[in-house]
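Below is one structure; the comments refer to it alone.
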2 protein chains.
Amino acid sequence: MSDERIWTAAVLVIGDEILSGRTQDKNVAQIATWLDVQGIRLREVRIVPDDEAEIGDALNALRARYDYVFTTGGIGPTHDDITVDAVAKALKVAVVIHPEARAILDRYYTTRGGLTEARLRMARVPDGAELIPNRMSGAPGIRLGNLFLMAGVPHITAGMLDALTGTLEGGAPLVAHTIGAWAPESEIADVLRAAERDHAGVAIGSYPFFREGRTGANFVIRSTDGAAVAACVAALTVAIEAAGYAVTDGGI
Amino acid sequence: MSDERIWTAAVLVIGDEILSGRTQDKNVAQIATWLDVQGIRLREVRIVPDDEAEIGDALNALRARYDYVFTTGGIGPTHDDITVDAVAKALKVAVVIHPEARAILDRYYTTRGGLTEARLRMARVPDGAELIPNRMSGAPGIRLGNLFLMAGVPHITAGMLDALTGTLEGGAPLVAHTIGAWAPESEIADVLRAAERDHAGVAIGSYPFFREGRTGANFVIRSTDGAAVAACVAALTVAIEAAGYAVTDGGI
């Protein structure tokens with residue numbers, strides 16, 4: 001297990017609307033969940049403003065560290081959609097009109113008022129890019145090797161992820177098992193620490209909550225080794241019950 | 001307006017649970033909204049795993065660039081709560097037990113099973129820190145100059161923000177006005193570009209949506225200069241209506 005290659009990814013969220021608090025980001029969670037199924041670990045997220053230099057600096061920092069980088073936002077037709085230009089500049093390549101993207105947009109807008117200059121902006125890609133199909137709207141996503149430029153609108157990004165499913169090399173997916181107890185996590189802290197120490201390669205996360213006037217916590221046991229997860233879950237369940245709390249398999 | 005000092009902030013989210021997709025982050029949006037009222041711009045967010053080196057590197061990068069840095073997560077009583085240690089290491093200070101935090105926890109846990117060793121972990125702070133009161137649970141947040149260590153659980157962070165309201169120096173808040181239209185943003189793109197160009201110091205964001213089977217977009221006009229926002233909104237409304245679309249003030 002420990003010899004296995006771990007594939008890693010980062011997400012770069014491009015969006016003044018997230019930083020202003022106006023919009024609640026939903027793409028990080030959906031990309032994270034999707035990556036998990038592909039056997040790829042999301043290791044870092046950055047959210048930056050709609051600013052060419054900020055986007056470029058963050059992109060280059062993330063590209064240097066992770067196997068895959070996904071950006072979200074800024075690939076639409078309006079003046080504040082600057083992702084393609086920022087990425088091309090960071091990669092030191094030209095921006096070109098992708099002929100297939102142009103053809104797709106041309107078809108899509110035939111019955112929708114025609115391919116205006118603004119709409120044609122969505123056919124602009126960094127030189128050398130491929131397209132990521134988008135069944136939800138005309139505009140495709142953009143792939144450049146291990147870099148993926150996705151939409152900001154979550155259901156469009158969902159469609160693009162769907163088109164990429166199974167096409168990215170990954171490793172063994174992380175196995176995660178959740179158990180929960182109506183216990184203050186501070187009463188279980190020693191038990192958790194011991195369980196993590198006793199099970200090599202297993203990480204335990206403790207997530208407290210306050211619900212229905214009571215304190216509880218969920219514990220997520222993670223590893224690429226399913227047997228190690230099962231053994232840790234079993235040991236932890238016994239230990240929490242010994243501390244006087246019922247354990248709910250699957251979490252509360 | 002342009003001579004005015006802009007105060008900036010970053011948020012560092014510490015959380016395997018966010019990167020795994022298990023938990024939807026809610027702290028970024030609430031901190032962003034709160035900062036806006038304080039006249040402080042949220043300029044960057046990073047989400048990193050529960051890893052001491054990753055936390056330290058990100059913290060030092062953000063501290064160097066922004067006036068204020070807020071972290072969320074990892075200040076509880078369990079083994080995976082490593083924020084205090086990571087921050088102390090990054091700042092090259094010792095970790096100490098804060099006497100006031102110890103007293104608060106002692107009082108809080110008197111009727112809740114006593115101050116165990118695990119719970120005492122929540123009194124540990126980087127040397128030199130002050131406390132941020134937390135009415136929701138015993139454990140306080142931690143302030144070190146312009147660095148704020150907040151909880152991961154959103155309603156606890158909300159209480160800590162409340163305690164900080166009005167205590168941080170900021171500048172003029174950004175004025176934002178939203179208008180909306182049932183129009184594809186690609187048909188309004190030229191109008192938006194012209195409006196932004198004609199109104200110095202104003203930024204216009206375009207946020208498309210697909211609802212009730214129809215395409216629309218909201219446009220957010222932002223500036224620290226309220227009069228400039230009003231002028232831009234008026235001009236943009238006229239221009240969108242001239243393009244054949246009704247404008248809804250306040251957004252759709």
Side-chain angles (χ1 to χ4, degrees), chain A residues 13 16-26 28-36 41-50 54 76-80 112-113 116-119 121-122 137 153 155 174 176 184-190 192-193 196 203-210 220 222, chain B residues 13 16-26 28-36 41-50 54 76-80 112-113 116-119 121-122 137 153 155 174 176 184-190 192-193 196 203-210 220 222:
Chain A
V13 176
D16 284 349
E17 73 278 21
I18 311 290
L19 292 173
S20 73
R22 180 180 180 276
T23 301
Q24 165 70 57
D25 169 76
K26 299 215 174 99
V28 169
Q30 78 168 341
I31 295 174
T33 309
W34 179 86
L35 283 170
D36 196 38
R41 307 283 172 84
L42 178 57
R43 292 283 295 174
E44 184 170 347
V45 175
R46 296 196 190 182
I47 310 177
V48 299
D50 300 344
E54 299 277 349
T78 56
H79 66 286
D80 57 340
R112 294 176 175 88
T116 59
E117 197 179 329
R119 286 163 172 171
R121 270 177 69 80
M122 294 188 282
S137 69
V153 179
H155 78 274
L174 215 49
E185 63 167 358
S186 57
E187 303 225 338
I188 308 292
D190 294 342
L192 296 174
R193 188 183 300 273
E196 192 176 83
I204 305 175
S206 174
Y207 307 110
F209 57 79
F210 184 74
V220 181
R222 292 190 189 92
Chain B
V13 176
D16 284 349
E17 74 278 23
I18 310 290
L19 291 173
S20 73
R22 181 181 179 277
T23 303
Q24 165 70 57
D25 170 75
K26 301 217 173 99
V28 169
Q30 78 168 340
I31 295 174
T33 309
W34 179 85
L35 283 170
D36 196 38
R41 307 282 172 85
L42 178 57
R43 290 285 294 174
E44 183 170 349
V45 175
R46 296 195 191 184
I47 310 178
V48 299
D50 299 346
E54 299 277 349
T78 56
H79 66 286
D80 57 339
R112 295 177 175 87
T116 59
E117 198 180 327
R119 286 163 172 172
R121 270 178 68 80
M122 294 187 282
S137 70
V153 178
H155 77 274
L174 215 50
E185 62 168 358
S186 57
E187 303 226 339
I188 308 292
D190 294 342
L192 296 173
R193 187 183 301 271
E196 193 176 82
I204 305 174
S206 173
Y207 307 110
F209 57 79
F210 184 75
V220 181
R222 293 190 188 91

Identify which part of [X] has an atom lying under 4.5 Å from any heavy atom of chain A, answering side chain, backbone, both or neither.
X: B:Glu185; answer: both
X: B:Gln30; answer: neither
X: B:Leu35; answer: neither

Check each atom of [X] against the heavy atoms of chain B and say whether the ones under 4.5 Å are side chain, backbone, both or neither.
X: A:Glu54; result: side chain
X: A:Arg112; result: backbone
X: A:Pro208; result: both
X: A:Thr116; result: side chain
X: A:Ile188; result: neither

Calculate, to the nearest 0.5 Å, the distance between atoms [atom1] and [atom2] belonging to [X] and [Y] respectively.
X: A:Asp50; Y: A:Leu19; atom1: CG; atom2: CG; result: 8.5 Å
X: A:Ile47; Y: A:Asp16; atom1: CD1; atom2: CG; result: 12.0 Å
X: B:Asp36; Y: A:Ser20; atom1: CG; atom2: OG; result: 7.0 Å
X: A:Arg22; Y: B:Thr33; atom1: CZ; atom2: OG1; result: 11.5 Å

| query | Is there a side-chain contact (heavy atoms from CB on, under 4.5 Å) between B:Val28 and A:Asp25 once you walk through the steps? | reply | CA-CA 9 Å; B:Val28 169; A:Asp25 169 76; over 6 Å; no
**Message:** Could you go through B:Tyr207 and B:Val220, starting from their C-alpha distance and side-chain angles, then the distance that decides it, and tell me whether this counts as side-chain contact (heavy atoms from CB on, under 4.5 Å)?
**Reply:** CA-CA 8 Å; B:Tyr207 307 110; B:Val220 181; 3.6 Å; yes
Just give me the residue among [options] that pairs up with chain B most often, heavy atom to heavy atom, under 4.5 Å.
options: A:Ala32, A:Ser186, A:Gly21; answer: A:Ser186
options: A:Arg43, A:Arg41, A:Lys26; answer: A:Arg43
options: A:Ala203, A:Pro49, A:Ala118; answer: A:Pro49
options: A:Ala189, A:Ser206, A:Gly113; answer: A:Ser206
options: A:Glu17, A:Glu196, A:Glu44; answer: A:Glu17

Going by salt bridge (charged side-chain N to carboxylate O under 4.0 Å, His left out), name the residues that satisfy it together with B:Arg222, two or more places apart in sequence or in a different chain.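 In terms of salt bridge (charged side-chain N to carboxylate O under 4.0 Å, His left out), with neighbours along the sequence ignored, B:Arg222 is linked to no residue.
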ask   = Taking only residues two or more places apart in sequence or in another chain, which ones pass ring pair (Phe, Tyr, Trp, His ring centres under 6.0 Å) with A:Phe210?
value =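 Listed in chain order: nothing, the list is empty.
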(request) Look at B:Val48, B:Leu192, B:Val153 and state which one has the largest set of heavy-atom pairs under 4.5 Å with chain A. (result)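 Result: the option with the highest number of such pairs is B:Leu192.
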- Could you walk me through whether B:Leu42 and B:Ile31 pass the side-chain contact (heavy atoms from CB on, under 4.5 Å) test, one step at a time? CA-CA 8 Å; B:Leu42 178 57; B:Ile31 295 174; 5.6 Å; no
